[in-house]
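Each chain gets a letter, A, B and so on, in the order its sequence line appears, and its residues count up from 1. Bear in mind the structure is a predicted one, so any value in this text is a computation, not a measurement. The basis for the numbers below is simple: all heavy atoms, side chains too, and nothing from hydrogens, waters or symmetry mates.
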Amino acid sequence: MQLYGPYSVATDARRCFVLDCSPEPPDASTCLVAIIAHDVPSDRIQAAVARHAATLTAQSKRSTQTPQVYLCRIDRGSSAAELQLLPYWTPLPVDLNRLASDALESTAQWVERLGRFHFDIVGGQLQVVAWRGRFAGATCAIYEIGQDREFESGADIEEFYFYFLMSRIAASRRGWERISTWRVINRADASEPLLLDVLAVDVPAAVEPRRLAEAMVERESFVVIKDGVGHYTAAGGANAGLTAIFPDDSGPPLMVFSGAGRPVDPAKMARLRVLSDLHGRSYLPAAEQCLAEGDFEAAYGYYMNHLRLANFEAGPSSVAGVADVLLPHDPRRAVEAGLALTRQMLADGAIDFAEGIASAASKFARSWGYDRLAVQLLSLAGAAATTLGRFGEAQDRLGDVLRVAGLTVGVDPRLHADLYWQLAKCLIWKHLGFESAHRTMAPPNLNADLAAAEAALVEASRRYKQAAIIDLPVAAAIVTIYQARIDDLRGEHARALVTLRNLRGRPHVRQHPGLRSAAMLFEALALCKLHRAEPDWWEQYATSLLQFVDEAFGVPGAVVIEPPMLAVGLTLAAEELIARGDTEAAVVASAHAHLIQEAVASAQIRAPEPDLQADGWLGIPMLDRLQAALHRHALGSGGDRALTAAIEDREAAKSRWFQRDFGLRLLTSGHTPTIVRDMEKDLRRAYMNSDTDPRELYASIRLLQIQEGLPPVRRGHDAAKSFDPAALTNLPLKTAFVSLYAGREQTYASVIRGRREPELLGMSIEFSSERLQRLAGRLQTYLSGTGLYPPIDPRNPWQRHDRYLAELDHLQELAQPLAAALRGMELVVLSPHSYWHQIPLHALLAMHLREVEVTPGFTHVPTLALLPELHAASTTSDLDIVNAAVFTAPGPRDSIDEFARCHDRIAHSLIGAGLPTREAVGADATEAAFALQYRTAGLQHVIAHGCFRPGRQVMQSGLLLPGRHDQTVPGDEQPIMTAWQIANLTTGVRHLTLQACSLGRSLIASADEQWGVTRGALAAGIPSVLAPMWSIDLLSSSFTSERFYEYWLGRSIPKWTALAMAQHDTFAADPSWAHPYHWAAFKLVGL
Amino acid sequence: METQAELVGSIEDLSTGELTYVFQSLFQAFESSTDPVVDEDAITERFEADVAFLIEVGESLGVDADHLADARPHDVLLALAGTSPELQKHIADGIANLRSRSTLPADAGDVALVILATAAALAIMRPKITKKEKSDLFAESKSFAFEVQGVKSVESLIRALLAYIRSHDLGS
């Protein structure tokens, strides 16, 4: 045991000592306690501190590889019995000086009232992210509170939400002590008096948040003052004031006490500035070290922390203090570090993280006046966004950088010219998929983009000449090649062809592999369109294309072309090769193209938004060509290998971001409960709120892991993994796994029959993606009533069946071979694709399997690649169900009696199965009752009106409760328990049945990413969800549910079989129920 | 069958969601296109054509679309009910059907009610209105007249519909 220090002196004359109380070998983990005290701690106190630390370490079960660090504050006169140690976090490796300064900072009187928050309010959602320290967990509680409502963005938004949060704390946490509130808001030490007396405030639900906060801050005498530097002060009495300081648009607001109604004292501001620099300085080494170790998330997290904390206020520090002694004030270093990190990340393929760092660092650089560095950073951000296929973002970045460069003296002329060239490239790449995607219509903005690209090329050319660069001929050739592509996209194919052929004849182009390859590809693209208009061009087109491919693969180094352009050429070549019957070469070409696309998609940390399809060349269905080639190849020799490859490729590509985020859930195992809670919250946020920047969240999770001493774990999807049916031991041996891919021409299906020694079958269904889309639209129109049409008449569902659903009947016939492949199976796990998610595939197959001896049960998964995780989550699910809950909320005009009868039947079937059942029906079925059930029940059954929101609002789909939607205009209902909320609330539910219209539907976005309520439920950790694919009839759906529980829970039949049996019973119960509208509505998702 | 007064009372009592259902039912019963109009763009296109047609008919009937009082969807339904006993029965049946459903949907429709009301009314009216060119040799430009067959109070309906559309500021 050894005591170091004292280190420096805080404003209240207390000092920091660091007690090294590491145990003796072999338990050689480091244990440090930062002790804040006026005097040197006595031996007795030191011994007590060491004992306390040892106990805490043993209790927390933290990794012994990680230094254990605690904070202990000792007031004058404190006894050993009163000692309190708090877990404390400091960047690794632990530096005693830094630890001491941090500890002092968090303890000094003026710092105790300091809290750091980043309020990220985008798209109506609120998040509060605490940037450092052990108090992050407590601060996350604010986020949890904030989730109860949705917010509109507007002016002074941070200020509003700060008060809103305070009011919410009062409203929803009446039992909290003052100290709890202070901890949450401030993250500082808990020993100071509390700001808010939440127990004393009466909180009417409808009160305007700011008024409520005023009342809380006390006694209605609230003052808000805004001065030139953006101080917002709220004060309630002579001595109590609270100020939120907003350094700029994006920096973290700081919360400090000040006198009533007065701005913060300038001296205090100066100290804060110094302090933030102190913090900022301390994160750079950690960021650099993590990057060197390939830990991109952590490097990103540390660097962003660094910027936020250093970004408190631009300008030179004028105050000498603790920080000046310990660490120099150096914003330029922060910018240069950002530049180096960005370059390294780009080189390492962490493109999305690089983009984030470059964007943030450029903004920081500009705020400090380092405009030339900002230009370099923005240029890199634009290039990264272009590579990622985020063309809108790239255009914004490049537009910004050109503006800044135009105003900045001393920008390298070559760089300036390159910026124009980059902009042109971005605009042209945006339309790189024109031919491969088989577009016949000009996409929106094509002409505008081409005009802008042309102007940028002209400017680039002028500036290259002006700069008299050495490689001017090469630069000029690049400009000419891209200009030819513009001509080609404008319809002047022949002219483009002549230009490109002329260029290819010039010596400097012939000798430059990059130029030659680009010219070859663009020539092939021009010929492609000529050939599509006039078949006589075919031979030239095919020759040109295949020559390009031959060079790509035949001569090493011959094709030096950027990967997206290579992928485009290969995709087109694959089509030609398929047409010629050379399936092996087609597989090679399309697989390579697909790999290039996958690599870029894999680098995208940010998921696409629900209603967006991928832009540019990323929107080319390269997997489509690969599946077509593999399918044909599978018909010949090497069939099994091709089938396996087809399954692996298509399943890996489905729900990429969902897989990745779901996989991260597993990382929570082995952590302390606090960390697990924090991580789970972050994870849920990560994939439920499309406005959230997942880079921040992954970084936040990673930093939490670092606290636990865990190594970086590769994200779920990105880790190489193979699908092993034998490992899914909870599933029947006779399980079939069906993987579907809806292609441009047909649907490819693969069946893996059996878990042990599985048999592989491949087939196609002559039903294209486009036809499926049409059918899915009609299905919803007829069954749910959409657009101009009413919902189906449940008493006469066949009435207009032929008009709307003849195609469904046809598809059922086409599915016959697939059904035949499933005979004898007990369970069929369906992994649909594209619009197959919206087709009742289980019903189409079941109709063919009615008469066989063993009727299989069906369940659905977003992708087979997710099965191991779902399987792990469901291992003990049935055993975990020890109680149930039924929630029934009839609408204002519904027959209460009828709903009550259905409610009783469901409740009785659950009680009959031996489950104690909590019930909420009618007036008792409130939002709070739902949440209580959701938290405490093992099984929850919901009978209510459902509202499915197509489009970007899909994650706002949810339940409609009486009183909330009685008078609203259709489409303006405000559902509760939305997909987003379901994902975020703490739940103990192991099976959820949503007997609510259409809540089993999902929206299919780019890369087959599924969005909707079932995704929310799976994300919350619920292993299985039963929900309808369309609007349902109360009576038939209640009948199916009741039978389902009787079979599953009453007779212990597996739930998938129980559902199939219940659906069969429904089919047979009434002639009108023989229509799929009644019996096939429910879809089981998960295991 | 309900009396006229009862039907008026029933219509007045309809909520927005219920009106949606009744208009959808009328549209489905009367529309004659071979392919269902499912696509959002097709619905918008159809609405724009419907409004243009209505304005044209309204003008030929002397309805001053710019000076109409605001109207509600209920007024359109009432006006529709007034056009023929057959339609009155359809509407009454639609309301009765609505009341007897045991189905769960509550998010009635994803299309604005004004679009639905217009689509339903035009699905009924359009086949009964014939556009004919006026034969005036000395006219500077072509002019048209509309003939309406088998519908009473068509002017009231056009007036109610245009007023309802105008109150949504969609018909200009």
Side-chain angles (χ1 to χ4, degrees), chain A residues 774 776-782 784-795 800 803-804 890-895 898-899 902 943-951 957 959-960 962 965-973 975 995-998 1028 1030-1038 1077, chain B residues 13-47 50 73 90 93-123 168:
Chain A
R774 260 201 318 272
R778 285 186 171 210
L779 197 70
Q780 282 307 323
T781 295
Y782 183 51
S784 299
T786 58
L788 302 176
Y789 299 88
I792 194 171
D793 180 354
R795 291 160 303 186
R800 293 184 173 86
R803 181 172 183 208
Y804 293 86
R893 296 198 181 221
D894 291 325
S895 160
E898 199 152 30
F899 270 73
C902 291
I943 308 175
H945 291 285
C947 171
F948 178 77
R949 291 255 169 97
S957 305
L959 301 173
L960 295 174
H965 65 283
D966 303 359
Q967 300 302 320
T968 50
V969 176
D972 286 349
E973 301 91 347
Q995 193 183 341
C997 289
S998 299
W1030 47 75
S1031 293
I1032 45 172
D1033 177 62
L1034 177 62
L1035 299 180
S1036 60
S1037 59
S1038 296
Y1077 164 75
Chain B
D13 197 32
L14 290 173
S15 69
T16 312
E18 289 167 336
L19 277 166
T20 301
Y21 176 81
V22 175
F23 279 124
Q24 284 175 328
S25 301
L26 285 173
F27 177 79
Q28 180 165 263
F30 286 93
E31 72 126 349
S32 53
S33 59
T34 48
D35 266 350
V37 188
V38 174
D39 184 50
E40 203 176 307
D41 292 339
I43 292 172
T44 308
E45 202 175 304
R46 185 185 177 108
F47 176 63
D50 283 350
H90 261 292
D93 288 350
I95 295 172
N97 200 17
L98 177 73
R99 301 275 184 245
S100 65
R101 288 176 71 90
S102 78
T103 191
L104 286 173
D107 51 332
D110 48 6
V111 163
L113 194 50
V114 66
I115 295 179
L116 274 174
T118 308
L122 268 291
H168 282 74

Identify which part of [X] has an atom lying under 4.5 Å from any heavy atom of chain B, answering side chain, backbone, both or neither.
| X | value |
| --- | --- |
| A:Ser895 | neither |
| A:Tyr782 | neither |
| A:Arg774 | neither |

* Heavy-atom pair of closest approach, residues A:Tyr789 and B:Pro36 ->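 Taking every non-hydrogen atom into account, OH-CA, 3.2 Å.
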* Looking only at non-hydrogen atoms, find the nearest pair between A:Gly787 and B:Gln24 and report the distance. =>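 Distance-wise, the nearest heavy atoms are O-NE2, 3.3 Å.
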* Are the charged groups of B:Glu31 and A:Arg803 less than 4.0 angstrom apart, N to O? ->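 Answer for the salt bridge query: yes.
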* Asked: Are A:Leu788 and B:Arg46 close enough that some pair of their side-chain heavy atoms sits under 4.5 Å apart?
  ->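 The answer is yes; the side chains approach within 4.5 Å.
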